[in-house]
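One structure below.
A quick note: this is a predicted structure, and the numbers were derived from the prediction, not measured. In what follows, chains carry the letters A, B, and so on, assigned in the order in which the sequence lines appear, proteins first and then strands, with residues in each chain numbered from 1.
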There are 2 protein chains.
Amino acid sequence: MHDHSAVHDHGACCGNATDALARAERLCADRDLQFTRLRRDVLEAVATESKPLGAYDIAERLSGQGRRVAAVSVYRALDFLTENGLVHRIASRNAFVSCGHQHGDGVGLVFLICRTCGSIDETTSPEVDDQLDKTLAKAGFKPSSRILEVEGECGACLGHEPSP
Amino acid sequence: MHDHSAVHDHGACCGNATDALARAERLCADRDLQFTRLRRDVLEAVATESKPLGAYDIAERLSGQGRRVAAVSVYRALDFLTENGLVHRIASRNAFVSCGHQHGDGVGLVFLICRTCGSIDETTSPEVDDQLDKTLAKAGFKPSSRILEVEGECGACLGHEPSP
DNA sequence: GATGCGATGTTACAGTGTATCAGCACCAGA
DNA sequence: TCTGGTGCTGATACACTGTAACATCGCATC
């Protein structure tokens, strides 16, 4: 997989929907889990959008043409997808993005949320993880999960509108 | 102020309500802001509890005996308090804690949320900040705010119930 | 007194998330 | 084949979180 820490074009890169769906299918087969239509559709909706989607947005997108998907169902699908690392929840936005990486379970993710274009990029940093581990150890705290979200301006938007 | 990265007793330490109120009063005087009764009461409610409080919890605590505080008012007070760094919002819980530190504006905070006792501790780590800055710079991302919350078990709970 | 301003009160409503029960598909075992 | 269990989905209802809009009040200033 190519370098994710560089500025790149969302949707045209590794994080697109087809790849995400293929990975999900493989993962569910491996773990003997059901990759149902609803779960597939929810993942597809999230993966085709670089912006984070709310559960109700997803429900709306999947509804229509005689099909009605209630938010409850979307939440259940999202629970499944997040438990299996296929989708991440953005706590600061109450929204969800598809996972663009194929990373181990123990890796700490960093989400970069652009205030201008609303897109979300996902990266990892072993150095940050290390320092954080040290800090937690010093505090006598045993971590089980962490949330690291940064808001600001992404490289693309900085390029388009150079700071005044 | 003493070392916050060590295990310590909440409520009996520097983070207690009296200190928080005194600091708030000073800060508002300095900045020529109004430290009204509502704002004071909201801050006091949050500061007397080491667990994060929801806005509706606060509203409930402040209501009674002929006084009714609506959640809206609490939100406005919380907006004021967070803008001035007196209270922090815990994104992963949709809840608020009073700031136990007297730190500069640009410092990145780390929140340690204990799954067992529900208490929240607050620390800083220049090393994590540095590494994170490097990671962001490498990604061409210009940060304006960050959220770093860790869930796990605090030292006190680890001591009480040694891991099986 | 009149005016303007910020803070609060009040109502209404939008958005987010969960509880609960019912139906349905599918599989295993009698 | 029938039957019961399990897991997924549908549907309704509801609780929690947060905001919009407007009225009111107190206070400073003119």
Side-chain angles (χ1 to χ4, degrees), chain A residues 24-25 27-29 31-46 51-84 86-97 118 147 149, chain B residues 24-25 27-29 31-46 51-84 86-97 118 147 149:
Chain A
E25 216 143 351
L27 183 143
C28 289
R31 302 188 188 176
D32 211 32
L33 299 170
Q34 301 184 40
F35 193 48
T36 63
R37 182 192 170 200
L38 180 66
R39 291 170 181 178
R40 209 200 86 95
D41 290 350
V42 169
L43 178 57
E44 188 177 21
V46 171
K51 288 198 268 274
L53 286 180
Y56 281 69
D57 291 334
I58 299 170
E60 207 169 323
R61 289 188 185 210
L62 298 188
S63 296
Q65 300 134 16
R67 188 189 189 191
R68 185 183 112 90
V69 177
V72 186
S73 304
V74 174
Y75 276 110
R76 282 191 288 231
L78 286 170
D79 284 344
F80 173 86
L81 294 170
T82 49
E83 273 168 20
N84 290 285
L86 296 163
V87 158
H88 299 297
R89 184 188 150 78
I90 307 298
S92 60
R93 298 282 179 113
N94 295 326
F96 301 83
V97 291
I147 294 171
E149 298 170 12
Chain B
E25 216 143 352
L27 183 145
C28 289
R31 302 188 187 175
D32 210 33
L33 299 170
Q34 302 183 41
F35 192 49
T36 63
R37 181 189 170 203
L38 180 66
R39 291 170 180 176
R40 209 200 86 95
D41 290 351
V42 168
L43 177 58
E44 187 177 23
V46 170
K51 287 197 268 273
L53 286 180
Y56 281 70
D57 289 335
I58 299 171
E60 206 170 324
R61 290 187 185 211
L62 299 188
S63 296
Q65 300 136 15
R67 188 187 188 191
R68 185 184 111 91
V69 177
V72 192
S73 305
V74 175
Y75 276 110
R76 282 190 288 233
L78 287 170
D79 284 345
F80 172 87
L81 295 170
T82 50
E83 272 167 21
N84 290 286
L86 297 164
V87 157
H88 299 298
R89 186 188 148 77
I90 305 299
S92 60
R93 298 281 179 112
N94 296 325
F96 301 82
V97 291
I147 295 171
E149 297 170 12

Do any side-chain atoms of residues 70-81 of chain B form donor-acceptor pairs under 3.5 angstrom with protein atoms, and if so which ones, sequence neighbours left out?
none

TODO: Go along nucleotides 7-14 of chain D 5' to 3' and tag each nucleotide: B for a protein heavy atom under 4.0 Å from its base, S when only backbone or sugar atoms are that close, - otherwise.
DONE: SSBBBB--
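Between the CG atom of B:Asp79 and the P atom of D:dA20 there is a distance of 10 Å, given to the nearest Å. When the P atom of D:dT17 is taken as reference, atom CD1 of B:Ile58 falls 10 Å away, rounded to whole Å. One can place CZ of A:Arg93 at 15 Å from P of D:dG18, the figure rounded to the nearest angstrom.
Looking at B:Arg67 and B:Asp41, their side chains come closer than 4.5 Å, going by heavy atoms from C-beta outward. For the pair A:Leu53 and A:Arg61, the minimum side-chain heavy-atom distance is below 4.5 Å.
When DNA chain C is scanned 5' to 3' for any atom under 4.0 Å from a heavy atom of chain B, the first and last hits are C:dG6 to C:dT11.
Panel note: side chain A:Ser63, backbone A:Val69; a donor-acceptor pair is recorded below 3.5 Å. The backbone N or O of A:Phe35 sits nowhere less than 3.5 Å from a side-chain atom of A:Glu25 that would complete a donor-acceptor pair. Using modelled atom types, no side-chain atom of B:Glu149 and backbone atom of B:Ile90 make a donor-acceptor pair closer than 3.5 Å.
Considering every non-hydrogen atom in both B:Ile147 and A:Ser92, the closest pair reads CD1-CB, 3.4 Å. The shortest non-hydrogen separation linking B:Arg89 to B:Asn94 is NH2-OD1, 3.0 Å.
Distances shorter than 4.0 Å separate none of the side-chain N or O atoms of B:Asn94 from OP1 or OP2 on D:dC16.
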